[in-house]
Amino acid sequence: INKQVIRNNFKQNSSTKIIQILGYTDINGTKKHNLELSKKRNESTIDLLKKINGVDLNKSQIINHGEVKNASKRYYKDRTVKIIYKAKQSITQKIRKAKKGDKIELQNMNFIGGSPVLLKESKPILVELLKLMQNNSNLKIKIEGHICCSFIDDQNLSENRAKTVYSYLLENNISENRMSYEGYSSKHPKHPLPEKNETERMENRRVEIRIIDK
């Protein structure tokens with residue numbers, strides 16, 4: 001596995017969804033050995049991808065193919081792991097395409113559980129949003145917070161998480177006239193409550209921005 005190639009293709013905070021990881025070997029060795037070898041190659045690739053912030057492996061399909069069906073003349077070319085992926089649009093790209101009234105989810109915006117405190121790895125998303133606001137003086141937004149798991153937001157967590165984003169922009173000289181914020185608790189879930197798994201819970205607890213003007 002060429003680790004540098006993977007790092008170059010999946011840069012930190014690149015917001016990339018991995019669809020499939022496909023492991024192969026050359027035709028040397030027994031089929032049982034090659035199947036196990038392709039599995040180990042996939043596992044090594046997954047371990048590396050997990051260290052890259054912004055890579056989504058939640059719904060990836062992992063297939064250990066073993067040896068290739070059509071061998072090449074040079075065996076080393078068959079010792080591969082293929083990664084099928086879809087790169088998500090950045091906040092900047094989404095806002096450029098958005099119309100007034102559109103909502104845009106701040107991907108990978110994660111908080112400490114039960115808290116409005118933002119995780120360190122989510123800071124680059126805020127920085128990107130700040131630069132976008134700085135470079136587009138006509139852009140006005142509403143920041144909308146949502147929670148998962150419960151119909152009752154007794155700690156006002158959804159609003160406080162939206163306020164975290166609002167306060168960061170305000171502290172960095174974005175005028176309050178260009179922003180507002182509101183919490184919606186779990187009134188607008190992407191997945192029905194109670195959620196079936198952690199993936200659905202993560203997608204329900206989110207922060208979105210609504211385009212007011214641009």
Side-chain angles (χ1 to χ4, degrees), residues 1-94 97 104-114 118-125 128 146-149 186 189-208:
I1 297 171
N2 191 321
K3 295 182 179 181
Q4 193 58 48
V5 169
I6 291 178
R7 291 192 183 100
N8 289 342
N9 278 278
F10 303 100
K11 295 180 179 179
Q12 295 288 333
N13 304 301
S14 59
S15 295
T16 302
K17 183 176 182 63
I18 305 298
I19 299 169
Q20 287 184 322
I21 298 176
L22 314 171
Y24 297 89
T25 69
D26 59 37
I27 60 174
N28 290 320
T30 65
K31 288 188 177 181
K32 181 179 179 181
H33 170 80
N34 288 339
L35 189 63
E36 183 63 26
L37 183 56
S38 66
K39 179 182 178 181
K40 290 180 179 178
R41 287 175 176 167
N42 278 343
E43 290 172 347
S44 295
T45 302
I46 292 168
D47 287 343
L48 183 59
L49 289 170
K50 283 180 177 178
K51 297 176 183 178
I52 303 176
N53 191 33
V55 172
D56 180 2
L57 288 159
N58 285 327
K59 296 182 180 179
S60 304
Q61 183 182 21
I62 315 301
I63 303 177
N64 312 311
H65 279 285
E67 60 190 48
V68 295
K69 289 184 178 180
N70 299 306
S72 62
K73 292 181 180 180
R74 298 180 180 179
Y75 288 145
Y76 70 88
K77 290 188 176 182
D78 296 332
R79 304 166 190 156
T80 62
V81 173
K82 294 182 180 180
I83 303 173
I84 312 299
Y85 65 93
K86 180 179 180 181
K88 298 176 184 176
Q89 289 183 321
S90 67
I91 302 170
T92 302
Q93 291 171 320
K94 289 181 179 179
K97 294 181 178 180
I104 297 168
E105 184 175 346
L106 299 179
Q107 296 285 345
N108 302 315
M109 177 69 71
N110 297 311
F111 298 82
I112 294 174
L118 197 65
L119 293 177
K120 184 178 180 180
E121 54 264 33
S122 297
K123 184 68 177 293
I125 304 164
E128 182 182 359
H146 306 267
I147 63 169
C148 73
C149 310
S186 56
K190 295 175 71 174
H191 304 282
L193 300 182
E195 297 90 342
K196 296 177 183 177
N197 50 51
E198 180 58 23
T199 298
E200 290 189 356
R201 287 189 285 273
M202 286 179 63
E203 291 181 355
N204 276 348
R205 66 170 91 97
R206 65 197 189 280
V207 174
E208 299 170 324

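Side-chain atoms are counted along with the backbone in the values below, which use heavy atoms only and exclude waters and symmetry mates.
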With sequence neighbours left out, the residues meeting salt bridge (Lys or Arg N to Asp or Glu O under 4.0 Å) with E105 are K190
Flag side-chain contact, heavy atom, 4.5 Å: T25 against R41:
yes
CG of N64 to CG of N34: how many Å apart, nearest 0.5 Å?
12.0 Å
Residue pairs passing the salt bridge (charged side-chain N to carboxylate O under 4.0 Å, His left out) test where at least one lies in residues 55-77, sequence neighbours excluded:
K17-D56, D56-K88
K94, NZ atom: more than 12 neighbouring heavy atoms under 6.0 Å
yes
Is any side-chain heavy atom of H146 closer than 4.5 Å to one of E208?
yes
Which residues pass the ring-ring contact (aromatic ring centres under 6.0 Å, His included) test with F111, not counting sequence neighbours?
none
Qualifying salt bridge (charged side-chain N to carboxylate O under 4.0 Å, His left out) pairs with a residue from residues 18-28, counting only residues at least two apart or across chains:
D26-R79
From V55, T45, L57, residue fulfilling side-chain contact (heavy atoms from CB on, under 4.5 Å) relative to K50:
L57
Test side-chain contact (heavy atoms from CB on, under 4.5 Å) applied to Q93 - qualifying residues, sequence neighbours left out
Q89, S90
In this structure, CD1 of I63 is separated from OG of S38 (nearest 0.5 Å) by 10.5 Å
To the nearest 0.5 Å, what is the distance between CG on L49 and OG on S60?
8.0 Å
Output all residues satisfying side-chain contact (heavy atoms from CB on, under 4.5 Å) with N197, sequence neighbours left out; order by chain, then residue number.
T199, E200
Heavy-atom closest contact (N204 atom, E195 atom, distance)
ND2-OE2, 2.8 Å
